[in-house]
Trainee: 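Got a structure here, written out as structure tokens. Questions coming.
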Amino acid sequence: MYIASILVVIISLLGAYNLDLFNNAPRATTPTTYNTLSPDFPSMPADASKLRILTQNMFMRPPLIKNNRSDWKDARLDYFIEHILPNYDIVCLQEMFEYASSRRARLMAAAQKLGYRYSVTSERQFLWNVGIDGGLVILSRLPVVQTERMTFQRGMGPDWLAMKGVLYAKVAVEGGTHAHVFTTHTQASYGEVVVTQPDVKRRLAQLYEFHGFIEAVLPRHRAAGEPVILSGDFNVDSRDHARVDASVGYEREVEDGVATSDEGQAMMAILRGHGIDPRVLGPDNTDTFKGKAVYEFHDSLKERLGYHPVTFGNIVVDQQGKAQPRETVLTTEHDNMVMHSIDYILWYNPGEHSGGMSAQLEDVGVAPNFTPGQEFSQISDHYGVSAEIKFVNT
């Protein structure tokens with residue numbers, strides 16, 4: 001990972017982005033605010049409509065950076081556009097970097113043709129920023145009537161180079177209601193994760209910034225009863241990795257994924273606004289990360305499945321009962337079989353909209369996005385998470 005960071009610095013110093021060595025001409029961006037809705041606003045049935053949402057870490061890092069022989073960036077993007085993008089109404093992406101590459105522009109052009117007429121992206125970065133963009137994208141078929149962005153305190157290690165943060169889109173749903181969609185990508189950990197280490201504290205501090213952003217955005221843009229969706233690669237592993245049955249020679253996804261890790265509990269407490277016992281991060285820590293407002297977000301995957309599903313570093317068990325890495329083309333050897341649950345769709349909707357429209361989380365699950373017949377076995381080193389929201393006239 002540190003070699004990858006050095007390569008990004010070299011690209012930055014050469015000014016590859018601004019010299020257009022790797023990029024096509026930049027595409028015009030979508031305006032931040034839409035004052036009027038399109039006359040051909042997508043119609044909804046008289047009684048209900050389903051909104052299909054995907055969050056996916058795309059693993060589309062800048063040029064020259066790869067884990068193994070190849071990251072197959074162009075082939076994976078082509079597959080995503082042809083086979084996955086058509087299946088959703090709102091798509092939230094992480095690690096879809098624009099820096100020194102035309103891939104994001106290619107994605108945006110293809111998305112437009114597929115009916116994703118509205119979008120918000122991380123801000124473009126330049127040579128003098130000494131860093132790359134945050135890699136975030138929200139695509140929507142339905143009108144986006146308001147967007148906002150925020151950038152975290154800079155990360156640690158390789159993450160210092162990426163301007164990570166949060167995107168927000170207020171998506172209009174016919175009937176006078178809206179869905180409030182956020183996506184984020186936080187500080188990563190490189191190596192074994194211990195809750196008291198500095199990069200964990202930085203990650204939780206960024207989640208506290210995220211909560212503060214939510215506190216600032218929702219009172220201005222949200223009406224009572226409108227659903228809020230937090231999506232993305234939070235880099236918080238909610239699995240505690242304690243094996244229920246020590247006689248089994250590997251960690252099982254379901255049986256060993258029920259308990260929640262200390263960091264997973266801290267994540268939910270911070271995003272909800274309750275804050276944490278500072279001693280969780282060590283005896284000398286004094287930060288509680290307590291918010292001013294409380295939003296009772298639900299970990300939709302855990303509540304629906306009853307366990308924390310693996311979204312990164314999964315395994316398969318062979319006929320001899322031995323665990324093998326599920327994916328080896330994109331994932332580093334160090335991350336093979338780590339069985340982390342780090343990608344999320346969190347849900348908040350405490351009531352009915354005054355306009356008579358009710359939103360219900362109809363379904364949620366892991367979207368592995370396997371790629372049969374390709375040189376790579378899945379669309380990214382991460383699985384995606386998908387959900388369906390049902391809007392019902394009440």
Side-chain angles (χ1 to χ4, degrees), residues 1 4 8 53-62 65 67 71 73 76-77 80-81 84-85 88 90-99 101 103-108 111 116 119-125 131-140 147-152 154-155 158-169 181-190 199 202-203 206-207 209-210 213 229-238 267 271 301 310-313 327 330-331 335 340-346 366-369 378-387:
M1 294 305 297
V8 173
I53 297 179
L54 171 72
T55 180
Q56 175 73 63
N57 180 316
M58 287 293 290
F59 194 54
M60 291 283 171
R61 298 174 296 177
I65 302 173
N67 282 349
D71 280 356
K73 295 182 180 74
R76 288 191 294 111
L77 182 58
F80 180 79
I81 290 169
I84 298 171
L85 194 57
Y88 297 93
I90 297 174
V91 173
C92 301
L93 304 176
Q94 307 84 45
E95 289 195 28
M96 190 65 227
F97 292 106
E98 181 185 39
Y99 194 88
S101 170
R103 293 187 185 96
R104 193 176 82 177
R106 184 151 59 91
L107 168 68
M108 303 299 280
Y116 291 93
S119 63
V120 55
T121 62
S122 294
E123 290 187 292
R124 184 181 184 183
Q125 300 299 311
I132 65 176
D133 59 278
L136 299 176
V137 176
I138 297 176
L139 303 170
S140 177
T147 71
E148 296 201 26
R149 305 175 179 88
M150 67 91 65
T151 303
F152 293 138
R154 290 189 92 151
D159 281 31
W160 185 88
L161 288 163
M163 303 297 187
K164 289 186 172 183
V166 185
L167 297 182
Y168 162 74
V181 180
F182 296 81
T183 197
T184 191
H185 189 199
T186 67
Q187 170 75 47
S189 291
Y190 302 96
D199 56 2
R202 180 62 55 85
R203 179 162 53 246
Q206 290 176 345
L207 291 172
E209 291 181 78
F210 189 2
F213 182 58
I229 299 101
L230 309 187
S231 70
D233 173 5
F234 292 13
N235 270 316
V236 173
D237 182 15
S238 284
M267 175 189 77
L271 288 173
L301 280 174
V310 173
T311 65
F312 179 78
E327 197 283 323
L330 305 175
T331 308
D335 289 325
H340 286 175
S341 183
I342 58 179
D343 301 88
Y344 298 89
I345 288 180
L346 305 185
V366 171
N369 290 326
Q378 54 195 54
I379 205 65
S380 170
D381 58 342
H382 287 243
Y383 293 165
V385 180
S386 63

Trainee: Do L230 and V166 come close enough that some side-chain heavy atom pair is under 4.5 Å?
Mentor: no
Trainee: Between N235 and Q187, do the side chains contain a donor N or O and an acceptor N or O under 3.5 Å apart?
Mentor: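 Note: Q187 and N235 side chains miss the donor-acceptor criterion.
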Trainee: Could you measure the distance from the CG atom of D335 to the CG atom of N67? Nearest 0.5 Å is fine.
Mentor: 8.0 Å
Trainee: For the pair V181 and C92, evaluate side-chain contact (heavy atoms from CB on, under 4.5 Å) and give the outcome as yes or no after the intermediate values.
Mentor: CA-CA 9 Å; V181 180; C92 301; 3.6 Å; yes
Trainee: State which residue, out of Q125, M60, M108, R124, fulfils the side chain to side chain contact (heavy atoms under 4.5 Å, CB included) condition with E98.
Mentor: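 In the set Q125, M60, M108, R124, the residue that makes a side chain to side chain contact (heavy atoms under 4.5 Å, CB included) with E98 is R124.
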Trainee: Which residues pass the side chain to side chain contact (heavy atoms under 4.5 Å, CB included) test with S189, not counting sequence neighbours?
Mentor: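 Residues passing side chain to side chain contact (heavy atoms under 4.5 Å, CB included) with S189: V193, Q197, D199, V200, R203.
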Trainee: Give the minimum heavy-atom separation between M58 and E95, together with the two atoms involved.
Mentor: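 Smallest heavy-atom distance, with atoms named: CB-O, 4.0 Å.
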Trainee: Below 4.5 Å, heavy atoms only, C-beta onward: do T186 and L207 meet side chain to side chain?
Mentor: yes
Trainee: Applying side chain to side chain contact (heavy atoms under 4.5 Å, CB included) between H382 and each of T331, I342, L330, report the one that passes.
Mentor: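 Only one option passes, and that is I342.
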Trainee: Give the minimum heavy-atom separation between E123 and R149, together with the two atoms involved.
Mentor: CG-CD, 3.6 Å
Trainee: Indicate the ring-plane relationship of Y168 and F213, choosing parallel, tilted or perpendicular according to the 30° and 60° boundaries.
Mentor: perpendicular
Trainee: Would you say the side chains of Y190 and D159 form a donor-acceptor pair under 3.5 Å?
Mentor: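 Short answer, yes.
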Trainee: Quick one: are F59 and R76 in side-chain contact, heavy atoms under 4.5 Å?
Mentor: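 Contact flag for F59/R76 side chains = yes.
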Trainee: Between Y383 (side chain only) and G313 (backbone N and O only), is there a donor and an acceptor less than 3.5 Å apart?
Mentor: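 No; zero donor-acceptor contacts below 3.5 Å.
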Trainee: Can you name the nearest heavy-atom pair linking Y99 to G131, along with the distance?
Mentor: CE1-O, 3.6 Å
Trainee: Atom CG in L271, atom CZ in F210: separation rounded to 0.5 Å?
Mentor: 6.5 Å
Trainee: Test side-chain contact (heavy atoms from CB on, under 4.5 Å) on L107 and L93 and set out the steps.
Mentor: CA-CA 11 Å; L107 168 68; L93 304 176; 3.5 Å; yes
Trainee: Between Y344 and T55, is any side-chain donor less than 3.5 angstrom from a side-chain acceptor?
Mentor: no
Trainee: Kindly give the heavy-atom pair with the smallest separation between F97 and P62, and that separation in Å.
Mentor: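 F97 and P62 have their closest heavy atoms at CD1-CD, 4.0 Å.
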Trainee: Do the non-hydrogen side-chain atoms of I379 and I84 ever get within less than 4.5 Å of each other?
Mentor: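 A side-chain contact under 4.5 Å exists here.
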Trainee: Rounded to the nearest 0.5 Å, what separation is found between the CZ atom of F234 and the CD atom of Q206?
Mentor: 12.0 Å
Trainee: Nearest 0.5 Å, please: how far is CG in D343 from CD in Q56?
Mentor: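 Reported value, rounded in 0.5 Å steps: 7.5 Å.
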Trainee: Any donor and acceptor pair, going by atom type alone, linking the side chain of R154 with main-chain N or O of W160 inside 3.5 Å?
Mentor: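 Yes.
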Trainee: Kindly indicate whether the side chain of L85, heavy atoms from C-beta on, has any atom under 4.5 Å from the side chain of L139.
Mentor: yes
Trainee: Would you say D133 and S122 are linked by a side-chain donor-acceptor pair, where the criterion is simply a distance under 3.5 Å?
Mentor: no
Trainee: Report yes if some heavy atom in the side chain of V385 is under 4.5 Å from a heavy atom in the side chain of L301; otherwise report no.
Mentor: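 Yes, close enough: below the 4.5 Å cut-off.
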Trainee: For a side-chain contact (heavy atoms from CB on, under 4.5 Å) check, start with the C-alpha distance between V310 and H340, then their side-chain angles and the critical distance, and finish with the verdict.
Mentor: CA-CA 5 Å; V310 173; H340 286 175; over 6 Å; no
Trainee: Please lay out, stage by stage, how D233 and Q94 fare under the test side-chain hydrogen bond (donor to acceptor under 3.5 Å, both in side chains).
Mentor: CA-CA 7 Å; D233 173 5; Q94 307 84 45; over 6 Å; no
Trainee: Taking C-beta and beyond as the side chain, do M163 and T151 meet within less than 4.5 Å on heavy atoms?
Mentor: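 M163 vs T151: side chains touch.
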Trainee: Give a yes or no answer on whether the side chain of S341 reaches the backbone of S238 with a donor-acceptor pair at less than 3.5 Å.
Mentor: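 Flag not set: sc S341 to bb S238 has no pair under 3.5 Å.
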Trainee: In Å and rounded to the nearest 0.5 Å, what is the OG to CZ distance from S380 to F312?
Mentor: 8.5 Å
Trainee: For the residue pair T183 / S231, report whether a side-chain donor-acceptor contact shorter than 3.5 Å exists.
Mentor: yes
Trainee: How many angstroms lie between OG in S386 and CD1 in I90, if you round to the nearest 0.5 Å?
Mentor: 13.0 Å
Trainee: Give me the atom names and distance for the closest heavy-atom approach of L54 to G384.
Mentor: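 Closest approach of L54 to G384: CD1-CA, 4.4 Å.
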Trainee: Does the pair V91 and Y116 meet the rule for a side-chain contact (heavy atoms from CB on, under 4.5 Å), with working shown?
Mentor: CA-CA 9 Å; V91 173; Y116 291 93; 3.6 Å; yes
Trainee: What residues form a side chain to side chain contact (heavy atoms under 4.5 Å, CB included) with A387, not counting sequence neighbours?
Mentor: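 So A387 forms a side chain to side chain contact (heavy atoms under 4.5 Å, CB included) with I345, L361, V364.
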Trainee: Going by side chain to side chain contact (heavy atoms under 4.5 Å, CB included), name the residues that satisfy it together with R106, two or more places apart in sequence or in a different chain.
Mentor: D74, L77, D78, R103
Trainee: Are Q378 and N369 side-chain neighbours, meaning at least one heavy-atom pair lies under 4.5 Å?
Mentor: no
